[in-house]
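Hydrogens, waters and symmetry mates play no part in the numbers below; they use all other heavy atoms, side chains included. Quick note: residue numbers are just sequence positions, from 1.
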Amino acid sequence: VQLQASGGGLVQAGGSLTLSCAVSGGSFRMYAVGWFRQAPGKEREFVATVYEGGRYLYYADSAKGRFTISRDSAKRTVNLQMNSLKPEDTAVYYCAAEYLLPGSYWYQNPRSDRAFEYWGQGTQVTVSS
């Protein structure tokens, strides 16, 4: 499976952006897809993840109420709608995917980057104050 992240850019504080992760190859419905981000000098951190059309849905505390993750099975994409952006949201955003089987590590640790095997190349989000 290959992942292609897009949609990043420069936006003012309070603005919005929508990131898109295109998933090619494999059976889309079998993959949990997540978004992570990494700011300069900081560790990569979890943002949000989704599986089974939203039955499994998790957000980082920093994303709750501002970001919305969604799946479009027809387009094989997972979008991250980001509203009320803050300068501290500035980072490279990565999408990641994991093929899920019963007992997969992801079910117990959906927010861990170790739960995802496949990673996209990242897209830069810069929020100016």
Side-chain angles (χ1 to χ4, degrees):
V1 64
Q2 292 185 324
L3 308 176
Q4 181 73 38
S6 62
L10 174 64
V11 64
Q12 289 188 333
S16 299
L17 277 176
T18 298
L19 306 184
S20 183
C21 179
V23 181
S24 60
S27 177
F28 181 73
R29 67 180 182 87
M30 296 299 295
Y31 287 88
V33 179
W35 285 96
F36 291 76
R37 67 186 184 185
Q38 188 166 22
K42 295 187 176 181
E43 293 187 353
R44 185 166 57 192
E45 65 176 4
F46 168 78
V47 178
T49 187
V50 64
Y51 178 55
E52 283 194 1
R55 178 184 177 188
Y56 297 88
L57 195 64
Y58 302 95
Y59 290 97
D61 288 344
S62 60
K64 288 178 181 177
R66 299 189 301 128
F67 295 1
T68 302
I69 189 170
S70 61
R71 297 172 70 104
D72 186 331
S73 296
K75 296 181 179 179
R76 297 177 60 97
T77 59
V78 174
N79 294 329
L80 184 69
Q81 172 70 43
M82 304 186 295
N83 299 323
S84 303
L85 283 163
K86 306 174 182 180
E88 51 263 44
D89 294 317
T90 295
V92 177
Y93 284 70
Y94 298 90
C95 62
E98 177 68 4
Y99 184 91
L100 296 190
L101 294 170
S104 288
Y105 180 79
W106 183 90
Y107 286 107
Q108 299 301 318
N109 301 275
R111 298 175 177 85
S112 170
D113 58 2
R114 293 187 296 155
F116 296 87
E117 179 177 1
Y118 304 99
W119 291 81
Q121 85 290 356
T123 185
Q124 175 71 47
V125 172
T126 303
V127 184
S128 63
S129 58

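Surrounding CD of Gln2 are at most 12 heavy atoms belonging to other residues, nucleotides or ligands under 6.0 Å away.
Linking Ile, Leu, Val, Met, Phe, Trp and Tyr whenever their side-chain heavy atoms come within less than 4.5 Å puts Val1 and Phe28 in one cluster. Leu100 and Phe116 fall within a single hydrophobic cluster, where Ile, Leu, Val, Met, Phe, Trp and Tyr are joined by side-chain heavy atoms under 4.5 Å apart, directly or via other members. Val33 and Tyr56 fall into different hydrophobic clusters, where Ile, Leu, Val, Met, Phe, Trp and Tyr residues are linked whenever their side-chain heavy atoms come under 4.5 Å apart, directly or through other members.
Note on ring orientation: taking the six-membered ring where Trp is involved, the planes of Phe36 and Trp119 are tilted (angle from 30° to 60°). Using the six-membered ring where Trp is involved, Tyr118 and Tyr31 have ring planes that are perpendicular, over 60° apart on the 30 and 60° scheme.
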Show your reasoning for whether side-chain contact (heavy atoms from CB on, under 4.5 Å) applies to Lys86 and Arg66.
CA-CA 10 Å; Lys86 306 174 182 180; Arg66 299 189 301 128; 3.8 Å; yes
What verdict does the side-chain contact (heavy atoms from CB on, under 4.5 Å) test give for Leu17 and Val125, after you've listed the backbone C-alpha separation in whole Å, the side-chain angles of each residue and the deciding distance to 0.1 Å?
CA-CA 9 Å; Leu17 277 176; Val125 172; 3.9 Å; yes
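Partners of Arg37 by salt bridge (charged side-chain N to carboxylate O under 4.0 Å, His left out), not counting sequence neighbours, listed by chain and number: Glu45, Asp89. Taking the side-chain hydrogen bond (donor to acceptor under 3.5 Å, both in side chains) definition, one finds that Tyr105 meets it with Arg114, sequence neighbours left out.
Side-chain contact between Tyr94 and Gln121: absent, with no pair of heavy atoms (C-beta onward) separated by less than 4.5 Å. You'll find the side chain of Glu117 stays beyond 4.5 Å of the side chain of Tyr99, heavy atoms only. In this structure, Phe46 and Ser112 have side chains that are not in contact, with every pair of non-hydrogen atoms separated by 4.5 Å or more. Side chains of Val127 and Gln12 form no contact here, defined as non-hydrogen atoms less than 4.5 Å apart. At least one side-chain heavy atom of Thr49 sits under 4.5 Å from a side-chain heavy atom of Trp106. Phe67 is listed as a side-chain neighbour of Val47, based on a closest heavy-atom distance under 4.5 Å. Using a 4.5 Å cut-off on side-chain heavy atoms (C-beta onward), Ile69 and Asn79 make no contact. Annotation: side chain of Trp35 is in contact with side chain of Leu19 (closest heavy-atom distance under 4.5 Å).
To the nearest 0.5 Å, atoms CD (Gln81) and OG (Ser16) are separated by 5.5 Å. A distance of 8.5 Å separates CG of Leu10 from OG1 of Thr90, quoted to the nearest 0.5 Å. Note that the OG1 atom of Thr68 and the CE atom of Met82 stand 11.0 Å from one another [nearest 0.5 Å]. For the atom pair OH of Tyr93 and CD of Gln124, the computed distance is 9.5 Å after rounding to the nearest 0.5 Å. Here Gln4 contributes atom CD and Arg76 contributes atom CZ; the two are 14.0 Å apart, rounded to the nearest 0.5 Å. Separation of atoms CG (Leu80) and OG1 (Thr123) is listed at 11.0 Å; rounding is to 0.5 Å.
Residue pairs meeting the disulfide bond (SG atoms under 2.5 Å apart) criterion with at least one member in residues 6-104, sequence neighbours excluded, are Cys21-Cys95.
Of all the heavy atoms in Thr77 and Ala22, the pair that sits closest is CG2-CA, 4.1 Å. In terms of heavy-atom proximity, Pro87 sits nearest to Ala13 at CD-CB, 4.1 Å. Considering all non-hydrogen atoms of both residues, Lys42 and Gln38 come closest at O-NE2, 3.1 Å.
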